[in-house]
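Structure first, then comments.
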2 protein chains.
Amino acid sequence: MPMLDTVSFAAECGACPIRHRAVCARCEEDELSRLEDMKYYRSYQAGQTVIWSGDRMDFVASVVSGVATLSQTMEDGRRQMVGLLLPSDFVGRPGRASAAYDVTAATDLVMCCFRKKPFEEMMITTPHIGQRLLEMTLDELDSAREWMLLLGRKTAREKIASLLAIIARRDASLGLTRPSGRIVFDLPLTREEMADYLGLTLETVSRQISALRKDGIISLEGKRHVTVPDFDALLEEAGDDSDGGMLS
Amino acid sequence: MPMLDTVSFAAECGACPIRHRAVCARCEEDELSRLEDMKYYRSYQAGQTVIWSGDRMDFVASVVSGVATLSQTMEDGRRQMVGLLLPSDFVGRPGRASAAYDVTAATDLVMCCFRKKPFEEMMITTPHIGQRLLEMTLDELDSAREWMLLLGRKTAREKIASLLAIIARRDASLGLTRPSGRIVFDLPLTREEMADYLGLTLETVSRQISALRKDGIISLEGKRHVTVPDFDALLEEAGDDSDGGMLS
DNA sequence: CGACTTCTTGACTATTTTCAAGATGCGTGG
DNA sequence: CCACGCATCTTGAAAATAGTCAAGAAGTCG
């Protein structure tokens, strides 16, 4: 098992890449400096577990870079991913002592952690944090519900296309690719992780990716590097309405 | 189509049955009286639509009595329920102009509606509402994630057992039945609504209910009235860990 | 009591899973 | 630099689960 690594980072909130999107987005300068006093960074390697469900959790955190997954496991080993945590996403629940889900680093990961006690106190005294967290939680709830539609009603092919579209759109919104019809990105997940997210087996994931490739919806170099020649065609396969689930 | 019905209700917040659990739970007397100024009650009959996805929504609301459903529909008609709204649950999203989901009355329903504009203003000036709403939203997010596990990984039989367990537990917590091994309740949903909630067809729902009946896990009088002789046996069928997903 | 909706059950079909074998790619060490 | 070993991925064949189509039963409401 690899070890946790507490990092001394370029720790200026002012220079933080997720400053404007994370839970601290609405904070004023003085609030930020209070946050700086309770924060520390942690890095994890791809594959490392951040925390196990049920473990005591004495911090909350924002994802700074990389991708983490939230997942639940049944006694017999069946696993379902219940969230994909991207930069600026929030981890942990104020007021709860232990983790409700397994959190795993899907890629190399950096998190900005806040000691829980002072963070909770600050939530009471300053409204900006709680307001922003409410906004973010409502957004997550919408995502979770969109995912419920996928899990409950979409076919395997639609599930794969939907996941690819989400990842593609996210990369595009981070400015890593131009928002034309052609999109290129790397999958941050293994086939098994995709299966756990989509409620499928890894074999079905593999087959459907092959099928989408055969049909020219995507092309692959290696196993992770994906090219989508026509994003609209991908959305068509995903079965979403044309706006792709954008909520005003 | 039945019509909307605006009701003059026994409108005292002090006597409200959901006073201690709803979004107003933390409000002081003076805050309650501000809420009274912006509130009105509405009743709906079982089957009636409260609001359609995409419709403009100039209120937010709490469910006072009855059961409502939140659902999403794909272009080709596939439908997935994404939430079950019980007394004290909150409907609507502050800061959003239109409904993101279809809201339907599953049973006769009474809602306590707040005009959206003043409610949003009050959220900024008084922290109690936003704090409580954050708590409730985090709880809903947990429920949604529990449902994702069900939709993605459970078998049809486990899905049915899980739904029955949830309804049974809820009725018990409302004090309608004693919390012994034996539990009796009425299903608030049709087979089709159950199917939409569970990501199944109504035929599969029907078959699995018959199977649970044949195996003695439940018994039925009529189609809606259910007796669970041994609640632990039902939980076993649901595939949950023994605590039944209770979160501290 | 009768019409209509809701529900049940049967037979067949489709999709996804399971089990199994082999291919590909990646990192490490010779 | 190449080869080996391990993890990841692909593909095939058979099996299981849930879906579809269809008919009829039960319950409900007027």
Side-chain angles (χ1 to χ4, degrees), chain A residues 2 45-48 74 76-80 104 106-108 150-161 163-164 186-215 218-226 237 239, chain B residues 2 45-48 74 76-80 106-108 150-164 186-215 218-226 237 239:
Chain A
Q45 304 178 310
Q48 227 178 328
M74 293 171 69
D76 61 6
R78 281 177 282 177
R79 189 182 316 172
Q80 177 65 49
T104 308
T107 65
D108 289 347
L150 176 145
L151 290 172
R153 293 302 185 195
K154 289 192 177 178
T155 64
R157 168 182 266 244
E158 289 170 333
K159 287 178 175 181
I160 297 288
L163 179 59
L164 294 175
D186 283 305
L187 289 171
L189 304 176
T190 64
R191 299 292 186 267
E192 184 172 20
E193 287 168 328
M194 294 172 70
D196 285 344
Y197 203 3
L198 299 170
L200 298 171
T201 59
L202 69 89
E203 293 95 329
T204 300
V205 169
S206 185
R207 275 187 250 273
Q208 295 299 332
I209 288 179
S210 296
L212 288 174
R213 187 162 45 70
K214 207 169 301 173
D215 295 344
I218 60 173
S219 62
L220 288 177
E221 291 163 66
K223 286 158 181 192
R224 298 294 196 97
H225 193 72
V226 179
E237 295 296 335
Chain B
Q45 305 178 311
Q48 222 178 333
M74 294 171 67
D76 61 7
R78 280 176 283 177
R79 189 181 317 171
Q80 177 64 49
T107 65
D108 288 348
L150 177 145
L151 290 172
R153 292 304 186 195
K154 290 192 177 178
T155 63
R157 168 182 267 241
E158 289 171 332
K159 286 178 175 181
I160 298 287
S162 299
L163 179 59
L164 294 176
D186 284 305
L187 288 171
L189 304 177
T190 65
R191 299 292 185 265
E192 184 172 19
E193 287 168 328
M194 293 173 70
D196 284 345
Y197 203 3
L198 299 169
L200 298 171
T201 60
L202 71 89
E203 293 95 332
T204 299
V205 169
S206 185
R207 275 187 250 272
Q208 295 300 331
I209 288 179
S210 296
L212 288 174
R213 187 163 44 69
K214 207 169 303 174
D215 296 344
I218 59 173
S219 62
L220 288 177
E221 290 164 68
K223 285 158 180 188
R224 296 295 195 97
H225 193 74
V226 179
E237 295 295 337

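Below, read A as the first sequence line, B as the second, and so on, with proteins coming before strands; counting in each chain starts at 1. Note that this is a predicted model, so its numbers are computed, not measured.
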Item to check | Comparing A:Ala156 and A:Gly222 on DNA chain C - which has the more 5′ nearest nucleotide | outcome: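 Its nearest nucleotide being more 5', the pick is A:Ala156.
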Counting only side-chain nitrogens and oxygens, does [X] get under 4.0 Å of the OP1 or OP2 atom of [N]?
X: B:Thr204; N: D:dA18; answer: no
X: A:Thr190; N: D:dA7; answer: no
X: B:Arg207; N: C:dT8; answer: no
X: B:Ser206; N: C:dT9; answer: no

Quick one: which of [options] gets closest to the side chain of [X]?
X: A:Lys223; options: D:dA18, D:dT8, C:dT9; result: D:dT8
X: A:Arg224; options: D:dC9, C:dC7, D:dG19; result: D:dC9
X: A:Ser210; options: D:dG19, D:dT10, D:dT11; result: D:dT11

Next on the checklist: Tell me the interatomic distance from B:Arg153, atom CZ, to D:dT17, atom P, rounded to whole angstroms.
Outcome noted: 15 Å
Checklist entry - What's the NZ-C1' distance between B:Lys159 and D:dT17, to the nearest Å? => result 11 Å
Checking the side chain of [X] only, and the main-chain atoms of [Y] only, is there a donor and an acceptor separated by less than 3.5 Å?
X: A:Glu158; Y: A:Glu237; value: no
X: A:Asp196; Y: A:Gln80; value: no
X: B:Asp108; Y: B:Gln45; value: no
X: A:Arg153; Y: B:Arg78; value: no

Next on the checklist: Is there, by distance only and without an angle test, a donor paired with an acceptor across the side chain of B:Glu203 and the base of C:dC7 below 3.5 Å?
Outcome noted: no
Next on the checklist: What's B:Leu200 touching, base or sugar-phosphate or nothing? Going by heavy atoms closer than 4.0 Å.
Outcome noted: sugar-phosphate
Next on the checklist: Under 4.0 Å, heavy atoms only, any strand: does B:Gly47 hit a base, just the sugar-phosphate, or nothing?
Outcome noted: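 Answer is nothing: B:Gly47 stays at 4.0 Å or more from every strand.
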